[in-house]
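Working notes for the structure below.
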Amino acid sequence: MRNTNSNYILLPFRFDRFNGEILVVNEVGQYYILPFNKFKSFIEGKLSKTSVHYKNLKSMQFISDKICLPDQINIIATAYRTKKRFLFEFTTLHMIVLTRRCNQQCSYCHVSSLPEYSGSNFDMSISKIHSCIDIILKSPSKDIKIEIQGGEPLLRFDLIKELVRYAKEQNDKLNIKKSIEFVVCTNLIALNQYMLDFFKNEKIQISTSLDGPKDIHDSCRKLVNGKGSYDIVKDKLKWAINYLSKGSVGALMTITPYNINRLKEVVDEYISIGLDSIFLRPINPFGRATNPEFFNAYTTEDFLNQYKAILEYIIEVNKYRHFPEIYTTILLTKIITPFSTGFVDLQSPAGVGISGVIYDVSGDVFVSDEARMMNYVYGEKKFCIGNVNMGSFKSIFCNDKLKKIISESCSESLAPCAWCAYLPYCGLDPVRNFIKYDTISPYMGKTEDCIRHKEMFKHLITLIESGDNDKINILWSWITSRSVKEIAPSINIEEYL
Amino acid sequence: MISNIKQGNSMGKKLLMEFDSQVYSIDALKRTCCEFNDNMLINIITNRKRYIVAIENVSENNIADVEKSFKCSLLDNQIRIDTEKQFKTTRELILAQAFAPCENLDEIVNNLDI
């Protein structure tokens, strides 16, 4: 229903108050900032066609006229399809839990792993591994990432080898082969030369955990004997980084009460070890992390303050070396580029099942890591969508249970997400919501996840709009995985040294 | 819009606000109340010409801020509803074109009242 006094047709947008002005964001995430009086003119259809705001808003698909409308609808539709690319690719991330046993007993373990000596009945059988691979290779996605998880998967290196062998063998039999990438999520404690050679030869990546310098890391990440794991992890991490090709080893850190006020030391530790990025990750309030030591140990406001401060520091670091913060890179990619990120925790519809899925040692298929944790801790199978030994790909991934979960976690149909300016960049995690709020889709507006993400989006847009070209070039270098020197050859890197 | 602060109980004050129902829709008012009701008790009374919103137990130090942000939020929500009405059809066409493109989009657009 058009405003008949309008000079133009409004195309879909959402808005928010932003640093004293109005941020308008269109259906595919392009944004524009207007003073309030110009925003008023914009929505009343009274912007002059010769004004800069009119021209900018028209070129960015906020404004149209009847002649241009079909073309502009097609342009936005194409961009929308690109943003929602993950829906066409279907499940690309397949996580396989080879064992629930672990040689560490981390005090915040969100999957409540079992001690190493618990027995092989907590390991996946070879027949179940084969069944998992058979299901995975039926996925319509041509690019598959298999993440080998635990517990600690290196405790059953024989199973890792069999999984990789069988996956490659079966993939070779396909008429149209898939591109398969393997990642082993390990604490590195059991790593040896034989394993490292295997990873190198098979081009398998390593994802590990490092929470910071020794006292920080050891405060949570302990061996079964109660001693800290830092010394072993540091040596083996350096070894793996030097032995494997560049980019093959990554580390995640968990923000705990022990490091939230010492993130600069954590960044320095990552750099000194030779890691080329960091992923700042708030603690997951599940499993052992629900203990009073961690539960509500820091507020969302604490996290945001520390995030903003450490981001400034990391940006400074990037003036002399490429060292992106990965979560920021994901958010920036959503804000600045037309592309889908493939990050399953923050997309709409939710990525559970349709973008990422996890196969437990029992063969049960869960929609996310937190979903299998719910089964371990509470015996809750609400988010179990089948079992590899009892179902086909179709019965697991096309069942009514998964459809219901996905349809209930579509932010576009939820209040207040539906009219939130940051919707094109955001999404929700139904399992996380269920654990925290006892419902898949709570009123998100006041949840910690919403407050945190909204403030992070605002902060990043403020940085982009700061006019500080050095900062902007650095952020752009993260998104494009290029050095700042390539992005902006005129920058004199040496002057920062 | 008029507002009034009345004596509440020991937990805080009661904030009363009155809005013209010709200017604001009940949908905008409900969206706004949802934003505020996580730690406040809100009652809405309506008649043909006005809505009366009563927010209970607002701390005395906060009351001016709550009133200002409630009114600001209500205005924003009304703008959202008004503009959403204008581009609702276009949004539906964009989503349809994204997932099931049609070949006669020009014809469809020509026949629309937009």
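Model, not experiment: these values are computed from the prediction.
- Proximity to chain B (any heavy atom under 4.5 Å) is restricted, for A:F39, to the side chain, taken from C-beta onward.
- Counting only N and O atoms by type, the side chains of A:E465 and A:N19 include no donor and acceptor under 3.5 Å apart.
- At a heavy-atom separation below 4.5 angstrom, chain B is approached by A:Y443, A:K446 within residues 438-458 of chain A.
- Minimum heavy-atom separation, B:Q97 to A:R81: O-NH1, 3.1 Å.
- Per-residue heavy-atom pair counts under 4.5 Å with chain A were compared for B:L93, B:L105, B:D76, B:D106, and the maximum is reached by B:D76.
- Heavy-atom distances place the side chain of A:F88, and not its backbone, under 4.5 Å from chain B.
- For the atom pair NE2 (A:H53) and OG (A:S48), the distance works out to 11.0 Å, reported to the nearest 0.5 Å.
- Within a 6.0 Å sphere centred on CD of A:E301, other residues, nucleotides and ligands contribute 12 heavy atoms or fewer.
- The aromatic rings of A:F13 and A:F42 lie tilted to each other, with the angle between the two planes from 30° to 60°.
- For B:D82 and B:Q78, the side-chain atoms include at least one donor-acceptor pair closer than 3.5 Å.
- Of the atoms belonging to B:I108, not a single heavy atom falls under 4.5 Å from chain A.
- With a threshold of 4.5 angstrom between heavy atoms, A:L87 approaches chain B through side-chain atoms but not through N, CA, C or O.
- Counting non-hydrogen atoms of other residues, nucleotides and ligands closer than 6.0 Å to NZ of A:K46 gives a total of 12 or fewer.
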Practice item. Apply the test salt bridge (Lys or Arg N to Asp or Glu O under 4.0 Å) to residues B:R31 and B:E84: give CA-CA distance (whole Å), side-chain angles for both, the deciding distance (0.1 Å), then the verdict. Key: CA-CA 14 Å; B:R31 284 188 188 190; B:E84 279 160 12; 3.0 Å; yes

